[in-house]
Amino acid sequence: MAKPLNGISRSSSMPRSNEGMRLIFSAVVGVMLGYLFGISFPTVNITKLHFPSSIISYIEDRNSGITTQTLLNHAWASANNRKKNSSESNTDEIPKIYVPTNPKGAERLPPGIVVSETDLYPRRLWGDPSEDLTSEPRYLVTFTVGIGQKSNIDAAVKKFSDKFTIMLFHYDGRTTEWDEFEWSKRAIHVSVRKQTKWWYAKRFLHPDIVARYEYIFIWDEDLGVEHFNAEKYIELVRKHGLEISQPGLQPDKGLTWQMTKRRGDQEVHKVTEERPGWCTDPHLPPCAAFVEIMATVFSRNAWRCVWHMIQNDLVHGWGLDFALRKCVEPAHEKIGVVDAQWIVHQAVPSLGNQGKSDNGRAPWEGVRARCRKEWGIFQTRLADAEKAYYLERGITPPNSTVV
């Protein structure tokens, strides 16, 4: 009787033993899954990880036969899908900034932070930025200078009030000697040896840099200003609607063109008579729409156009005076000479002496030869550019719009 009892006892303990093994196996699989997820998918957010139904089914049905690799594949695919869907949702909710009307290169910035223009106003290194400026000059005057004309420039600068920013371009590299003048300590000094004012203007007077100034004076260093008042000059420029102008020149000294000759009986003139055959059209240079480049004054809008016409490699600006009319319309009404505020061209060849002697020629001779060569190059470039413009649009180019 004892044997059947012992057999029944062993038989009844076997199911309990198998049940324990299954529980242990399930626990081991769970630990392995957790470990593998931890080392293989460190970027997965576990709180957002939704296991596929196959894992749940496996837990519920221990005899399903699904392998560990299959479980991992399902879990990884689920996590990736949710991450992709979340990214697409965020992209829809917060679009990237792109403003095509912003300046080129700044399209990805919000318009409120874009500052496309600047100024030449010096600022402090301390304090509240809003309190930096005690004044904001409305006009800019530049002189391209050498130390030999120091006294002349001192006299000229004193003709410009504190409404003007003073900027000196030093072609001889000497700047400290100017500190004897009180105004020089407030001026802006730029020094690059043996460069012309148009080289400086192209590189340091970009329209977006000088946009705060209503008028820009780009002057030579050899100008006598005894009969000149800058603010009265601007009054006349405004009164007569001049976008590009210059003061009249004293008739008996340093005069090349009749157009720039001062007339004592009027405030401003815009036309003149030249030598026979020089003017094919009374509204074209040098009889109208013309000033020289020695003491030119530009409005802000005119300068924005003229700056783009200045060539990087043509540093003397010869020929530019004949092309200024391209930047205003009608040119014969908006370009003129202010007679009531006049100057003297002293014709000092100081920059010419910065040239190089070659084949026995004086330095200024090489400079003058370069000037003439640049004039021809500029005329050719302008004519070719206009011709190409018309041809691209299927229009027969006019004979020439370049003087």
Side-chain angles (χ1 to χ4, degrees), residues 90-125 127-142 144 163-169 187-192 195-218 234 237-238 242-244 293 296-315 317 320 323-329 331 334-335 378 381-382 384-386 388-390 392-393:
N90 290 340
T91 301
D92 292 338
E93 293 173 5
I94 307 177
K96 292 183 178 180
I97 294 174
Y98 189 84
V99 186
T101 55
N102 277 357
K104 185 177 180 181
E107 294 87 354
R108 291 178 176 82
L109 297 177
I113 199 62
V114 174
V115 181
S116 59
E117 298 176 346
T118 185
D119 55 61
L120 295 172
Y121 303 153
R123 291 182 175 271
R124 303 178 300 177
L125 304 182
D128 190 329
S130 65
E131 299 174 354
D132 283 349
L133 304 179
T134 57
S135 65
E136 297 185 20
R138 299 166 58 188
Y139 318 113
L140 171 67
V141 57
T142 74
T144 304
K163 294 181 181 179
F164 289 80
T165 292
I166 307 298
M167 192 171 190
L168 300 189
F169 298 133
I188 297 171
H189 298 262
V190 181
S191 177
V192 183
Q195 300 303 319
T196 71
K197 70 176 180 180
W198 299 110
W199 184 92
Y200 282 111
K202 186 64 173 179
R203 287 151 184 83
F204 298 101
L205 300 182
H206 186 281
D208 289 342
I209 292 177
V210 299
R212 299 291 290 273
Y213 301 109
E214 297 176 33
Y215 292 94
I216 298 101
F217 292 59
I218 302 181
I234 289 177
V237 162
R238 287 200 180 105
L242 298 179
E243 296 288 324
I244 301 175
I293 57 174
T296 324
V297 180
F298 302 93
S299 72
R300 178 169 36 216
N301 290 337
W303 177 246
R304 183 167 291 276
C305 172
V306 171
W307 182 90
H308 285 89
M309 189 165 55
I310 299 171
Q311 307 291 289
N312 285 326
D313 57 333
L314 306 183
V315 297
L320 189 63
L324 294 175
R325 64 190 180 87
K326 306 287 184 180
C327 288
V328 292
E329 183 66 34
K334 295 188 176 182
I335 299 178
F378 180 77
R381 285 184 188 175
L382 184 55
D384 289 348
E386 290 188 344
Y389 171 85
Y390 289 116
E392 286 174 3
R393 287 155 181 77

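Bear in mind the structure is a predicted one, so any value in this text is a computation, not a measurement.
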Measuring from [X]:[atom1] to [Y]:[atom2], what's the distance to the nearest 0.5 Å?
X	Y	atom1	atom2	value
Ile209	Ile216	CD1	CD1	12.0 Å
Ile234	Leu242	CD1	CG	12.0 Å
Asn301	Lys334	CG	NZ	9.0 Å
Thr144	Met167	OG1	CE	10.0 Å
Ile244	Ile335	CD1	CD1	4.5 Å
Trp307	His206	CH2	NE2	4.0 Å

Problem - Audit row: Arg238, Tyr215, side-chain contact (heavy atoms from CB on, under 4.5 Å) steps and yes/no - result: CA-CA 10 Å; Arg238 287 200 180 105; Tyr215 292 94; 3.4 Å; yes

Is the shortest heavy-atom distance from the side chain of [X] to the side chain of [Y] under 4.5 Å?
X	Y	value
Val192	Trp199	yes
Pro110	Val99	no
Phe378	Met309	yes
Phe298	Leu324	yes
Leu205	Thr142	yes
Ile166	Val141	yes

Exercise for the section: Apply the side chain to side chain contact (heavy atoms under 4.5 Å, CB included) test between Lys202 and each candidate in Asn312, Val315, Leu314; give the one that qualifies. Expected result: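 Passing option: Asn312.
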
Practice task
Test Tyr213 against Thr165 for side chain to side chain donor-acceptor pair (under 3.5 Å), laying out the working first.
Solution key: CA-CA 9 Å; Tyr213 301 109; Thr165 292; 2.9 Å; yes

Handout entry: From CA spacing to verdict: side-chain contact (heavy atoms from CB on, under 4.5 Å), Leu168, His189
Key = CA-CA 5 Å; Leu168 300 189; His189 298 262; 3.8 Å; yes

Specify the closest pair of heavy atoms between [X] and [Y], including all atoms of both residues, with the distance to one decimal.
X	Y	value
Val306	Cys327	N-SG, 3.5 Å
Ala201	Trp303	CB-CH2, 4.0 Å
Val210	Leu140	CG1-CD2, 3.7 Å
Glu243	Ala302	O-CB, 3.7 Å

Show me, pair by pair, the donor-acceptor contacts under 3.5 angstrom made by side chains of residues 114-121, not counting sequence neighbours?
| from | atom 1 | to | atom 2 | distance (Å) |
| --- | --- | --- | --- | --- |
| Asp119 | OD1 | Tyr121 | N | 2.9 |
| Asp119 | OD2 | Arg212 | NH1 | 3.4 |
| Tyr121 | OH | Pro137 | O | 2.7 |

Exercise for the section: Report, as yes or no, whether the 6.0 Å neighbourhood of atom CZ on Arg124 holds more than 12 heavy atoms from other residues, nucleotides or ligands. Expected result: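 Result for CZ/Arg124: enclosed.
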
Donor-acceptor pair, [X] side chain versus [Y] backbone, under 3.5 Å?
X	Y	value
Glu107	Gly105	yes
Arg300	Ala211	yes
Tyr139	Phe217	no

Handout entry: Leu382 and Lys326: CA distance, side-chain angles, deciding distance, side-chain contact (heavy atoms from CB on, under 4.5 Å) verdict
Key = CA-CA 11 Å; Leu382 184 55; Lys326 306 287 184 180; 4.2 Å; yes

